Amino acid sequence: MGEASTQDKSARTTAQIEADIENARGRLAATLDELAVRVHPSTISAQVKAKAVASVEEKAGRAYVAASGLVDKVRAQFVDEKGQPRRERIVPAALVGVGLVLLVASSRKRRKD
C-alpha cells in the first residue's frame, strides 16, 4: 500500500503539484478572510448586540405572558362566566381603592404642613 501511494505521488506532474499548491493557497486565503471577519470588532459587537436584543425580547415575552395570565386571573375575580360584572366583589375593591387614594393624599398634605 505504501508503494502504490508513493508511485501515485511520483507520477504527478509539476503542473499538477503547482495547481494543488494554488488551490491550497486559495482555500487558506478564504479561511483567513473568514477569520478576519469573525474577529473584527464590529462583527463581535454586532453579535453581542444581537444576543442582548434576543435576550431582552425573550424576557419581555415571558413577562408579557405572565402579566397576561395575571390579568386573566384578576378579571376572573370580578367578572362571571357570562362576562357580567360581579358587583359583590367590585364594590369592596373600589372602596379599598378610594381609601388608599385618600390615605396617600392625607399623608402628602401632612408632609407639606
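This one's a predicted model, so the numbers in the text were calculated from it and none came from an experiment.
In this structure, CG on Leu28 lies 9.5 Å from CG on Leu35, to the nearest 0.5 angstrom. Note: Lys73 NZ to Ser68 OG = 11.5 Å, rounded to the nearest 0.5 Å.
Contact between Thr43 and Val37 at its shortest, heavy atoms only, is OG1-O, 2.8 Å. Residues Val104 and Ser107 approach most closely at O-OG, 2.9 Å, considering heavy atoms. Of all the heavy atoms in Pro92 and Arg87, the pair that sits closest is CD-O, 4.1 Å.
Looking only at side-chain heavy atoms (C-beta outward), Ile21 and Ile17 come within less than 4.5 Å of each other. Within the 4.5 Å cutoff, the side chain of Phe78 has no heavy atoms near those of the Arg86 side chain. At least one side-chain heavy atom of Arg75 sits under 4.5 Å from a side-chain heavy atom of Asp72. Residues Arg25 and Glu22 form a side-chain contact, since some pair of their non-hydrogen atoms from C-beta on lies under 4.5 Å apart. The side-chain heavy atoms of Ile90 and Pro85, taken from C-beta on, include a pair separated by under 4.5 Å.
Pairs of residues two or more places apart, or lying in two chains, that qualify as salt bridge (charged side-chain N to carboxylate O under 4.0 Å, His left out) and include a residue from residues 29-39 are Glu34-Arg38.
A distance-only check finds no donor-acceptor pair linking the side chain of Gln47 to the backbone of Ile44 [under 3.5 Å]. Between the side chain of Thr31 and the backbone N or O of Arg27 there is at least one donor-acceptor pair closer than 3.5 Å.
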